[in-house]
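Side-chain atoms are counted along with the backbone in the values below, which use heavy atoms only and exclude waters and symmetry mates.
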Amino acid sequence: IEGRYTKTRGILGTLPQFAVPGIAVDALTTGPSYASDDGWYWGASYYDTYTSDRNMDIYGVAYNWLLDTESFGYHDIKIGLDYQDLWSIVGDNMYQGDELIWVSTQTGNAFTNWANSDPYERTTFENRLAAAETHQKFFSFYIQDSIEVSDNLTINFGLRMDPNSLNNNLDNEVVSFGLFDSIQPRIGFAYDFGNGLSARASWGRYADMTSMYMIDDFNAFPTPESQYNYRWGAGGWSLQSVTQLGLAQSPHSIDPDFGMQYADDFNFGLDYQLSADMAVSFTGVWRQYRNLQVQGDVDEDGNYLWENV
C-alpha cells in the first residue's frame, strides 16, 4: 500500500509594474477628490494589478498486488484512488486610492517624462469587486495490470475514470462529468525478439482537466461595483460614463451537450542494443486531440457559448 500528498501554491497574473511621481495632487482635484497621500498614481493598464491564486492539494492511495499464476504469467496489479482539491482565488483589482489614472506625455516618451505629463483619463471605483474563491473537487479511480506472459512478452492493461463536478463561487454547478463520461482505456505491449532487438507499442486515452479559467467565467459578481470614468480637459475632470456591475450571475452560457476533452495517443518504438555500452532507439508518436473545449460561436448559429469542437 502506498500513499502520497502533493501541495501546490501559485500566483498568476501581474503586480504593479511601476508608479509614477507625476503631477501634483492638487492638479487632479478639480473633479472628485484624489484619494492619495503621496502624489503618486498608477500609469498602467486596467488589469495591471490583477492576480489569481491557483492552488492544489492532491491526496492519493494505491494498492499493489503481485500475483504469479501458472496459466497466464506474472501479474503486477495496481489499484488507486486520487482526490484533488483545486481552489482558486480570482483577485480583485487594486489601485492606489481605489482609482486608475492615465496620463499623456508632451514628448511621447512615457517612461522619462512623467513630471511634464498631463492627466488624460481617470476611473474611480466604489464597492470594488472583491476576490471570488472557488473550490473544485476531482476524484480519480484507476486500475492497471502489467502481465509478463513469457520471458519475451509483456502486456499492459489500464483503465482510468475522472468523474467531477465543477461549481462557481456561489457553489452553483457549472458542468459535471459522470463516471462513464470519463472512461480512459489504455493498452500496450513490449516484445523482446532476442539478439538485442525489442519492440514496444501502446495506445491510450487521456482526459484533460477542464480549465479553471472557464469556471471563472461563470462566477457571480461578489460585490455591486460602480465605475466612474472621467476625461481631463481645460475645465478639469468631466464625467463621461458610469458602469454598474450589480450582484448578478455571469452572462456566459454553456452547451448542454458539453463534454470532457481528451487526447488519443498511440506510440510505437524499436530498440536495438549495439553493444554493452551503446544502444539505438526509434519512437513514433501519433496524438489526436478531441472534443476541445472552446468559447465562441463554433456552429455559426448566433449563440456565443462554451462548447466542444
Taking all non-hydrogen atoms of both residues, which atom of [X] and which atom of [Y] are closest, and how far apart?
X: Asp257; Y: Asn308; value: O-OD1, 3.8 Å
X: Phe157; Y: Ile155; value: CE1-CG2, 3.4 Å
X: Gly296; Y: Tyr304; value: CA-CE1, 3.4 Å
X: Asn229; Y: Leu239; value: O-CD1, 3.5 Å
X: Gly178; Y: Pro163; value: C-CB, 3.9 Å
X: Gln136; Y: Ser165; value: OE1-O, 4.0 Å

Does a donor on one side chain and an acceptor on the other come within less than 3.5 Å for Asn156 and Gln144?
-> no
Compute whether any side-chain donor of one residue and acceptor of the other, for Gln240 and Ser238, lie under 3.5 angstrom apart.
->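 Yes, side-chain donor-acceptor contact under 3.5 Å.
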Connected hydrophobic set around [X], excluding itself, where side chains approach under 4.5 Å:
X: Tyr74; answer: Leu66
X: Tyr206; answer: none
X: Ile79; answer: Ile1, Val61, Tyr63, Trp65, Leu67, Ile77, Leu81, Phe141, Ile143, Leu159, Met161, Leu179, Phe180, Ile183

To the nearest 0.5 angstrom, please state how far the [atom1] atom of [X] sits from the [atom2] atom of [Y].
X: Ser140; Y: Gln84; atom1: OG; atom2: CD; value: 5.5 Å
X: Gln293; Y: Glu307; atom1: CD; atom2: CD; value: 11.5 Å
X: Ser198; Y: Leu153; atom1: OG; atom2: CG; value: 12.0 Å

Are more than 12 heavy atoms from other residues, nucleotides or ligands located less than 6.0 Å from atom OH of Tyr289?
->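 Open: at most 12 neighbouring heavy atoms sit under 6.0 Å from OH of Tyr289.
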Residue Asp301 excluded, over 12 heavy atoms near CG under 6.0 Å =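 Yes, because the 6.0 Å sphere around CG of Asp301 holds more than 12 heavy atoms from other groups.
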Distance flag, aromatic centroids of Phe266 and Phe268, threshold under 6.0 Å =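 Ring-ring flag for Phe268/Phe266: false, centres at least 6.0 Å apart.
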Sorted by chain and number, sequence neighbours left out, salt bridge (charged side-chain N to carboxylate O under 4.0 Å, His left out) with Asp192 holds for none
Describe, in one word, how the ring planes of Tyr59 and Tyr5 are oriented to each other, choosing from parallel (under 30°), tilted (30 to 60°) and perpendicular (over 60°).
->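 Taking Tyr5 first and then Tyr59, their aromatic rings sit tilted (interplane angle of 30° to 60°).
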Residue pair [X] / [Y], side-chain heavy-atom distance below 4.5 Å:
X: Arg200; Y: Thr154; value: no
X: Asp82; Y: Arg4; value: yes
X: Leu197; Y: Asp271; value: no
X: Tyr262; Y: Met260; value: no
X: His135; Y: Asn167; value: no

Electrostatic pair [X]-[Y], nearest N-O below 4.0 angstrom:
X: Asp76; Y: Lys78; value: no
X: Asp265; Y: Arg186; value: no
X: Arg290; Y: Asp208; value: no

Under the side-chain hydrogen bond (donor to acceptor under 3.5 Å, both in side chains) test, residues paired with Thr134 that sit two or more places apart = Ser88
Does the salt bridge (Lys or Arg N to Asp or Glu O under 4.0 Å) test come out yes or no for Arg9 and Asp57, once each step is laid out?
-> CA-CA 9 Å; Arg9 299 292 183 266; Asp57 292 297; 3.3 Å; yes
Partner set under ring pair (Phe, Tyr, Trp, His ring centres under 6.0 Å) for Trp203, not counting sequence neighbours |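 If we apply the ring pair (Phe, Tyr, Trp, His ring centres under 6.0 Å) test to Trp203, skipping adjacent residues, there are no hits.
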Given Asp264 and Arg287, is the salt bridge (Lys or Arg N to Asp or Glu O under 4.0 Å) satisfied, shown in steps?
-> CA-CA 6 Å; Asp264 288 331; Arg287 182 176 293 116; over 6 Å; no
